[in-house]
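Structure first, then comments.
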Amino acid sequence: MLYTMTSPETNEHKRVLVAAPRGYCAGVDRAVETVERALEKYGSPVYVRKEIVHNRYVVDTLAERGAIFVDETNEVPEGSHLVFSAHGVSPAVHESAAKLDLKTLDATCPLVTKVHNEVKRFARDGFHILLVGHEGHEEVEGTAGEAPDVTHLVDGVEGVAALPEWLQEEKLVWLSQTTLSVDETMEIVKKLHERFAHLQDPPSDDICYATQNRQVAVKAIAAESDLVIVVGSQNSSNSKRLVEVALQAGARASYLVDYASQIEESWLEGVNTVGVTSGASVPEILVRDVLEWLAARGFENPKEVTTAAEKITFALPRDLRAPRTNKA
């Protein structure tokens, strides 16, 4: 694998390798800015269904600014502003919001919306959909809700055997949650093809570019790292996958932390090289805090290992975009 390293040489016995890309993806950036702009435009409170993204720091920071997070639309006062999270929602949630005359702002990641549209299209064409993903995850619930009668969740390799035999007689296509491990998903898909020879592949990969890029980047540092610290929350699917990928790629140990204060001194025993990365919903300030914590313990002058450049951006919901100005 080709990659570049930048920054000064480190102490030969204590190294820090920092993965790039890491942290915020375009979908998360859009979702967080949607809440921020809504608060600026409409004032507090602005309601948000579920966590806008799966990161404790982000949610707490927005709550301090006046965002109110709820589990369901029926907790929102009639006529209020409500933001749908980056993970997407089912048509039933949209209908519930409409009945309460809620002014909705959809912060669903466009890459998740793409999967929703695929579900609707394949369902219209008479397919049963094998959705590879984690049971209970908000993205999976929203995606499956587009066509619940023909969508079958495949949660892990063991989920393949649990699918009913009568699906052999149906038109089948597989789709996936966007934040999965690429390697694990391909293993599940291989098992699906072995069981259902007529299974059709989707027209394009559903796992998002940012998830893939962060997994490639952590692989690049894990092979040289005794310890990999992943900054991210426990309910963040893509962050948890980074821990798994790091271990599979050769790291002796890997841990997921929300904050630098959660790192344990004992993790550094016998460690010469620490790798650091962060999930797609993690602001860079939390990574900087981890690097400062490590520097205080002799792991200074981190080297950045770059495996890709990301330039993708997504437009905000129409109601929050800056008005166009006519140029003379």
Side-chain angles (χ1 to χ4, degrees), residues 18-36 48-65 67-71 83-89 107-109 111-112 133-142 155 177-182 184 207-208 210-215 217-218 221-222 227-247 251 253-264 267 274-294:
V18 187
R22 62 181 176 275
Y24 270 15
C25 63
V28 166
D29 198 35
R30 174 183 185 268
V32 174
E33 189 175 355
T34 294
V35 180
E36 292 172 341
V48 184
R49 184 183 181 276
K50 307 293 186 180
E51 294 187 353
I52 185 66
V53 296
H54 286 158
N55 183 265
R56 188 73 259 153
Y57 175 90
V58 171
V59 170
D60 289 347
T61 301
L62 291 173
E64 289 172 3
R65 296 181 58 178
I68 296 178
F69 293 87
V70 298
D71 285 328
V83 179
F84 294 135
S85 80
H87 309 104
V89 298
T108 302
C109 173
L111 300 179
V112 173
H134 296 300
E135 186 173 5
H137 192 280
E138 289 153 39
E139 181 186 331
V140 166
E141 291 178 348
D155 190 348
Q177 182 180 333
T178 63
T179 54
L180 300 179
S181 159
V182 178
E184 182 184 359
I207 297 177
C208 88
T211 296
Q212 296 187 53
N213 285 349
R214 279 147 191 73
Q215 289 175 16
V218 81
I221 64 170
L227 165 69
V228 172
I229 295 172
V230 178
V231 186
S233 293
Q234 290 293 333
N235 63 339
S236 167
S237 176
N238 79 87
S239 297
K240 292 174 74 173
R241 300 294 82 74
L242 289 174
V243 173
E244 296 170 2
V245 170
L247 292 170
S254 182
Y255 299 97
L256 182 64
V257 300
D258 266 300
Y259 304 104
S261 59
Q262 295 173 340
I263 303 172
E264 298 182 17
W267 297 351
V274 179
V276 177
T277 191
S278 57
S281 51
V282 177
E284 185 64 10
I285 186 174
L286 300 181
V287 176
R288 290 201 300 268
D289 288 346
V290 168
L291 295 178
E292 289 177 7
W293 189 96
L294 290 169

Quick one: are [X] and [Y] in side-chain contact, heavy atoms under 4.5 Å?
{"X": "N213", "Y": "C25", "result": "no"}
{"X": "E284", "Y": "R22", "result": "yes"}
{"X": "L180", "Y": "H134", "result": "yes"}
{"X": "D258", "Y": "N55", "result": "yes"}
{"X": "L62", "Y": "V48", "result": "no"}
{"X": "D289", "Y": "V231", "result": "no"}
{"X": "V58", "Y": "Y24", "result": "yes"}

When rounded to the nearest 0.5 angstrom, what is the spacing between [atom1] in [X] and [atom2] in [Y]?
{"X": "L227", "Y": "S254", "atom1": "CG", "atom2": "OG", "value": "7.0 Å"}
{"X": "S233", "Y": "R56", "atom1": "OG", "atom2": "CZ", "value": "7.5 Å"}
{"X": "I263", "Y": "I229", "atom1": "CD1", "atom2": "CD1", "value": "4.0 Å"}
{"X": "T34", "Y": "F84", "atom1": "OG1", "atom2": "CZ", "value": "12.5 Å"}
{"X": "S278", "Y": "L256", "atom1": "OG", "atom2": "CG", "value": "10.5 Å"}

Classify the ring geometry between W267 and Y255 as parallel (under 30°), tilted (30 to 60°) or perpendicular (over 60°).
parallel
Atom of [X], atom of [Y] and distance for their closest heavy-atom approach:
{"X": "A222", "Y": "V228", "value": "CA-CG2, 4.1 Å"}
{"X": "A107", "Y": "I52", "value": "CB-CD1, 3.9 Å"}
{"X": "V218", "Y": "V245", "value": "CG1-CG1, 3.5 Å"}
{"X": "A217", "Y": "A20", "value": "CB-O, 3.8 Å"}
{"X": "C109", "Y": "G27", "value": "SG-CA, 4.0 Å"}
{"X": "G232", "Y": "S239", "value": "CA-OG, 3.8 Å"}

Exceeds 12 heavy-atom contacts within 6.0 angstrom, atom NZ of K240
no
Would one find more than 12 heavy atoms of other residues, nucleotides or ligands at under 6.0 Å from atom CD of E135?
no
Could you tell me if [Y] and [X] have a donor-acceptor pair between their side chains, going purely by distance under 3.5 Å?
{"X": "R241", "Y": "S237", "answer": "yes"}
{"X": "T178", "Y": "E139", "answer": "yes"}
{"X": "E141", "Y": "H87", "answer": "no"}

Check: [Y] main-chain N/O paired with [X] side-chain donor or acceptor under 3.5 Å:
{"X": "N238", "Y": "A280", "answer": "yes"}
{"X": "R214", "Y": "A210", "answer": "yes"}
{"X": "Q215", "Y": "V182", "answer": "yes"}

Applying side chain to side chain contact (heavy atoms under 4.5 Å, CB included) to R49 and V83, what does each step give before you reach the verdict?
CA-CA 6 Å; R49 184 183 181 276; V83 179; over 6 Å; no
